[in-house]
Asks: 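Dropping the structure in here first, questions after.
Within every chain, numbering begins at 1; the chains are lettered A, B, ... in the order of the sequence lines, protein sequences first and strands thereafter. Side chains are part of it too, since the values below use all heavy atoms of this structure and drop only hydrogens, waters and symmetry mates. A quick note: this is a predicted structure, and the numbers were derived from the prediction, not measured.
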2 protein chains.
Amino acid sequence: MARKTGSHSEITGPKVRAAALNLFARHGFAAVSMRQIAREVGVQAGALYLYTKDKQSLLFDLMRAHMDELLATWSARPQRATPLEQLEDFARFHIQFHLDRPDAVFIAYMELRNLSDDNFAAIEALRRQYEQELEKVLEAGHAAGVISVPDTRLATMAVIAMLTGVNTWYREGGRLSQEAVAGIYWDMVRGAVGA
Amino acid sequence: MARKTGSHSEITGPKVRAAALNLFARHGFAAVSMRQIAREVGVQAGALYLYTKDKQSLLFDLMRAHMDELLATWSARPQRATPLEQLEDFARFHIQFHLDRPDAVFIAYMELRNLSDDNFAAIEALRRQYEQELEKVLEAGHAAGVISVPDTRLATMAVIAMLTGVNTWYREGGRLSQEAVAGIYWDMVRGAVGA
DNA sequence: ACATTAACTGAACAATCGTTCAAATCCTAG
DNA sequence: CTAGGATTTGAACGATTGTTCAGTTAATGT
């Protein structure tokens, strides 16, 4: 029978994904070799192919796992009543979720062009799905008359870009806590949508 | 003596930079080979080295030229009187300038990690300089009491991220003109900074 | 017409790439 | 203790990488 306890594959598999995530984020997918990943894991390059079909799948799986977790975590949150409360929740959630996973976020935004056509379409669909979550909130707010934007789609893109931008400058241990940053950004989001 | 008229180097040089810009933007610096660039120019790979020291310099020169032009173009604009007018000008300028050069913008944001340490520092300094231009405007607006932000630096980063985000979705010939988009974004910027 | 030089070719260099696979090693079930 | 599957090694494959350079081509000033 197959080994149950102490199986190496249950240790090496996650290590491969973790090493790939870290190296892809630091140097870019195309600039990282399978041998670099293997060295980081402490294994020969050939062994990686027990855990991934090829390099492309390694990238795609990391991206899809990230997007799946993003959508699942947002959907699992308790939903508050009013559109404005929901918008605040989205802003705070987005910042916290993204600041907690800088490497995965970086890859999901920067390595889209290294995906095959099929894989790109799949990731892009998930991203659109996430954007729809915000757009639904903005539309509800618009219908309720509590926010004022001339174009819901543009406002969606503007808010997401603004929030995701935090990842480019925020550093742990800086002068502001995550919560303080989220509070300030929530104020700016509210202003941007005229609420 | 050296040839003066009809010099090929005055044609091939720009063609090399244009091809590199386009290919780097489409596939990423690390994924593009010197031979691909040469093929696009219609020349053998060895000939590229008459126009660039190496591949790294090619990337760096493209980035620095972009940042230099960005700073120079902004500085050359006539400066209006009030902070709010200056903020509006910045928002409209940023969107127009960036939408007009999607490839260069893409590279300048995505390929920073492929720069050597020295080159990275140089580009980063230029970026900081550009951010300072916006921050000065926001500080002036804050001093004049016409805008209301708890943190000028955060507002700077938020506004720039929001504006640059247009490049990720805007497509020529879409349902909105550049001017219409710029107008809507200017409204959102104004709201975000409480003006 | 000739000498000069810019512009480019085409081949070569060592290094590294992603991927495969037979053989070796490790660990557990029986 | 042993059989057998899980796990990994280590070498090898052809292809491609950035870069160099001696030699060829083409256009110029005199």
Asks: Report the distance from atom CD of B/Gln129 to atom CG of B/Leu70, rounding to the nearest 0.5 Å.
Replies: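 Answer for the CD-CG pair, B/Gln129 versus B/Leu70, is 10.0 Å.
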Asks: Could you list by number each residue of residues 17-27 of chain B showing a heavy-atom separation from DNA chain C of less than 4.0 Å, or answer none if no residue does?
Replies: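 Listed by number, there are none.
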Asks: Look at A/Lys15 together with A/Glu40 and state whether they make a salt bridge at an N to O cut-off of under 4.0 Å.
Replies: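 Answer for the salt bridge query: no.
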Asks: Between B/Ser33 and D/dT17, is there a contact of a side-chain N or O with OP1 or OP2 at under 4.0 Å?
Replies: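 So the side chain of B/Ser33 is within the cut-off, an N or O lying under 4.0 Å from OP1 or OP2 of D/dT17.
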Asks: Nearest whole Å is fine: how far is C/dA7 P from B/Ile11 CD1?
Replies: 10 Å
Asks: Write down the atom of B/Ala19, the atom of B/Val41, and the distance for their closest heavy-atom approach.
Replies: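 Heavy-atom minimum between the residues: CB-CG2, 3.8 Å.
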Asks: Tell me the interatomic distance from B/Leu50, atom CG, to D/dT20, atom P, rounded to whole angstroms.
Replies: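 Atom-to-atom, B/Leu50 to D/dT20, this comes out as 12 Å.
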Asks: With nearest nucleotide decided by heavy atoms, which residue, A/Ala45 or B/Gly42, maps closer to the 5′ end of DNA chain C?
Replies: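 Per heavy-atom nearest nucleotide, the more 5' residue is B/Gly42.
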Asks: Could you state the CE-P distance from B/Met34 to C/dA15, rounded to the nearest angstrom?
Replies: 20 Å
Asks: Quick test of your reading of the model: are B/Lys136 and B/Glu139 salt-bridged, counting only N-O distances below 4.0 Å?
Replies: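 So B/Lys136 does not pair with B/Glu139 through a salt bridge.
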Asks: Starting from C1' on D/dT9, measure out to CZ on A/Arg39 and report it in whole angstrom.
Replies: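 Interatomic distance, CZ of A/Arg39 to C1' of D/dT9: 17 Å.
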Asks: Between B/Arg113 and A/Glu111, does at least one N-O distance fall below 4.0 Å, as a salt bridge requires?
Replies: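 Salt bridge flag = yes for A/Glu111 with B/Arg113.
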Asks: Looking at the side chain of A/Lys55, which of C/dG18, C/dC17, D/dT19 is the nearest nucleotide?
Replies: C/dG18
Asks: Any salt bridge linking A/Glu88 with A/Arg80? Criterion: basic side-chain nitrogen under 4.0 Å from a carboxylate oxygen.
Replies: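 Answer for the salt bridge query: yes.
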Asks: Using whole Å, what does the distance between atom P of nucleotide C/dG10 and atom CZ of B/Arg35 come to?
Replies: 13 Å
Asks: For B/Val32, report the nucleic acid contact type (base, sugar-phosphate, nothing); a contact means any heavy atom under 4.0 Å.
Replies: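 If one applies the 4.0 Å heavy-atom cut-off, B/Val32 turns out to touch the sugar-phosphate alone, with no base involved.
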Asks: Taking only side-chain nitrogens and oxygens of A/Tyr49, does any of them come within less than 4.0 Å of OP1 or OP2 of C/dC21?
Replies: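 Looking at the OP1 and OP2 atoms of C/dC21, neither is under 4.0 Å from any side-chain N or O of A/Tyr49.
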Asks: Can you tell me the distance, in whole Å, between the CD atom of B/Gln44 and the P atom of D/dT20?
Replies: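 From B/Gln44 CD to D/dT20 P: 17 Å.
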Asks: Does a side-chain N-to-carboxylate-O contact under 4.0 Å join B/Glu131 and B/Arg153?
Replies: yes
Asks: Give a yes/no on whether any side-chain N or O of B/Thr12 is located under 4.0 angstrom from OP1 or OP2 of C/dA7.
Replies: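 Negative; the distance criterion is not met.
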